[in-house]
Structure formats: structure tokens, C-alpha cells
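Have a look at the structure below, then the notes.
Quick note: residue numbers are just sequence positions, from 1. No experiment lies behind these values; they were computed from the predicted model shown.
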Amino acid sequence: GAPAVETLIGALKEGVLLKQVKIIGALGAIGDARAVAPLLAIIEVEGDGYQSAITALGKIGDPRAVDSILPFLRHESNHVRGKAAEALGDIGNDRAVRPLIALLEDKDMRLRSTASAALGKIGGSRAVVRQKRGVVRIAERCGWQPLEPDAGAGNGGARADRLVAG
């Protein structure tokens with residue numbers, strides 16, 4: 001629990017990757033904000049276990065991590081970009097909305113799905129409207145069309161809830 005946080009943070013410096021990954025996971029599960037700074041230090045240099053650190057920061061949910069996680073949405077690895085999107089969704093900060101919306105246009109379907117789920121977690125009308133528009137655009141590319149036109153339901157013309165094969 002929380003009393004172990006300082007001991008775990010100290011153990012991060014021992015340098016054994018498998019041990020570090022387990023410690024990072026434990027810090028994320030505990031959710032104590034004292035772990036934010038050492039976890040940020042790991043991701044800022046893409047040190048050993050940085051992907052686990054991104055996940056742990058998401059679990060902790062501290063908005064101080066948002067600015068450090070955002071650049072990972074542009075990482076060359078779809079896996080890393082997905083981890084970042086999940087973490088940002090877990091943190092739930094509005095600063096992540098626009099970059100996550102950009103991922104709705106990514107060519108990787110899993111990444112688009114992860115970005116959509118993250119936007120759903122963040123919520124807010126702007127995120128939901130953009131999320132639905134992205135789903136509609138993706139569906140239309142796959143040959144699906146809205147079942148019925150949207151008659152100004154207040155969601156910007158997006159009807160992601162009722163799509164049928166075209």
C-alpha cells in the first residue's frame with residue numbers, strides 16, 4: 001500500500017529491468033502521486049520500462065503526467081501510441097482531447113479504437129461529438145452508411161449509434 005511507495009521508488013534505481021517493470025506496475029496499482037516524478041523521469045528518457053511507466057501514470061491519474069505522455073501519441077510504434085492513448089484516457093484531462101481526436105484518422109484500426117475508447121473516458125460533449133464523427137468516417141470508408149439521417153440531434157450530424165452495411 002501507500003507506506004511502501006518510498007521503498008518502491010528507491011528500488012527503481014537498482015537497474016534490473018524485470019524488477020523495475022514489476023515495481024512500476026505496483027506503483028501504478030497503488031496510485032500514490034509520490035510516484036509521478038520518478039515515473040516521469042523514466043518516460044522522459046525512454047528508459048527501461050518506459051511503456052510500463054506510461055501505463056502506471058495513467059492508473060495514478062495525475063494530470064501532471066499529460067504533457068509528458070502526449071508526445072508518445074506520435075511514437076513510431078503503434079503499441080507505444082496505444083499505451084499513451086490508454087493512459088491519457090485514464091487520466092481524463094481535456095488537454096488530451098485534440099491529440100486523441102487526431103488518432104481517429106490513423107490507419108491502424110486498433111489504435112483508432114483505443115483513441116475512441118480514451119475519448120469516451122474523457123467525456124465532455126466536444127470529445128463525444130468528435131469521437132462519433134470519427135466512427136462515422138471510419139464506417140463510411142468500410143461501406144457502412146447511417147441507418148437514418150440525423151435530424152439535428154445536437155451531436156454535430158454524427159450518427160455512430162445506428163449504422164448499416166451499404
Side-chain angles (χ1 to χ4, degrees), residues 20-21 24-25 27-29 31 33 35-150 152-166:
Q20 282 182 322
V21 169
I24 290 168
L27 289 169
V36 171
L39 292 172
L40 287 174
I42 291 170
I43 71 167
E44 286 172 4
V45 296
E46 290 190 36
D48 290 342
Y50 77 96
Q51 293 179 38
S52 296
I54 290 170
T55 300
L57 286 163
K59 289 180 180 178
I60 293 169
D62 193 308
R64 292 178 293 167
V66 171
D67 290 334
S68 295
I69 295 172
L70 281 171
F72 287 97
L73 292 178
R74 295 184 305 275
H75 197 276
E76 62 189 27
S77 164
N78 286 347
H79 180 73
V80 172
R81 292 180 6 207
K83 292 269 188 196
E86 287 175 6
L88 291 166
D90 289 341
I91 293 169
N93 189 284
D94 287 342
R95 290 186 318 228
V97 170
R98 188 177 302 270
L100 287 168
I101 288 169
L103 284 184
L104 293 175
E105 298 291 331
D106 195 89
K107 63 183 176 183
D108 184 273
M109 186 172 70
R110 285 178 293 184
L111 191 53
R112 291 191 309 261
S113 176
T114 302
S116 180
L119 285 166
K121 286 180 181 179
I122 294 171
S125 60
R126 187 172 71 134
V128 171
V129 168
R130 292 298 185 101
Q131 178 188 21
K132 286 186 176 183
R133 285 183 184 158
V135 170
V136 168
R137 279 196 299 273
I138 292 162
E140 288 171 348
R141 282 190 210 143
C142 297
W144 291 70
Q145 297 298 323
L147 182 62
E148 57 190 50
D150 186 6
N155 65 1
R159 286 296 300 204
D161 53 341
R162 300 193 52 161
L163 297 167
V164 295

Nearest heavy-atom pair of [X] and [Y]: which atoms, and what distance?
X: A115; Y: L100; value: CB-O, 3.7 Å
X: I69; Y: A87; value: CD1-CB, 4.1 Å
X: A96; Y: I122; value: CB-CD1, 4.1 Å
X: I91; Y: G58; value: CG1-CA, 3.9 Å
X: P99; Y: L73; value: CB-CD1, 3.5 Å
X: A118; Y: A85; value: CB-O, 3.2 Å

Nearest-0.5 Å distance, [atom1] of residue [X] to [atom2] of residue [Y]:
X: D106; Y: S113; atom1: CG; atom2: OG; result: 12.0 Å
X: L40; Y: I54; atom1: CG; atom2: CD1; result: 10.5 Å
X: N78; Y: L111; atom1: CG; atom2: CG; result: 5.5 Å
X: M109; Y: T114; atom1: CE; atom2: OG1; result: 10.5 Å

- Message: Less than 4.5 Å apart, side chain to side chain, heavy atoms only: is that true for N93 and L88?
- Response: no
- Sequence neighbours excluded, every pair satisfying side-chain hydrogen bond (donor to acceptor under 3.5 Å, both in side chains) that has a member inside residues 82-91: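 side-chain hydrogen bond (donor to acceptor under 3.5 Å, both in side chains) check on residues 82-91 returns D90-K121.
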- So which pairs with a foot in residues 52-74 pass salt bridge (charged side-chain N to carboxylate O under 4.0 Å, His left out), sequence neighbours left out?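 Counting only pairs at least two positions apart or across chains, the salt bridge (charged side-chain N to carboxylate O under 4.0 Å, His left out) contacts touching residues 52-74 are D62-R64, D67-R95.
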- Note on the structure: Residue pairs passing the ring-ring contact (aromatic ring centres under 6.0 Å, His included) test with at least one member in residues 37-89, sequence neighbours excluded, are Y50-F72
- Task: Sort out for me which residue in I43, I24, V80 forms a side chain to side chain contact (heavy atoms under 4.5 Å, CB included) with Q51.
- Result: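 Per the side chain to side chain contact (heavy atoms under 4.5 Å, CB included) rule, the option paired with Q51 is V80, out of I43, I24, V80.
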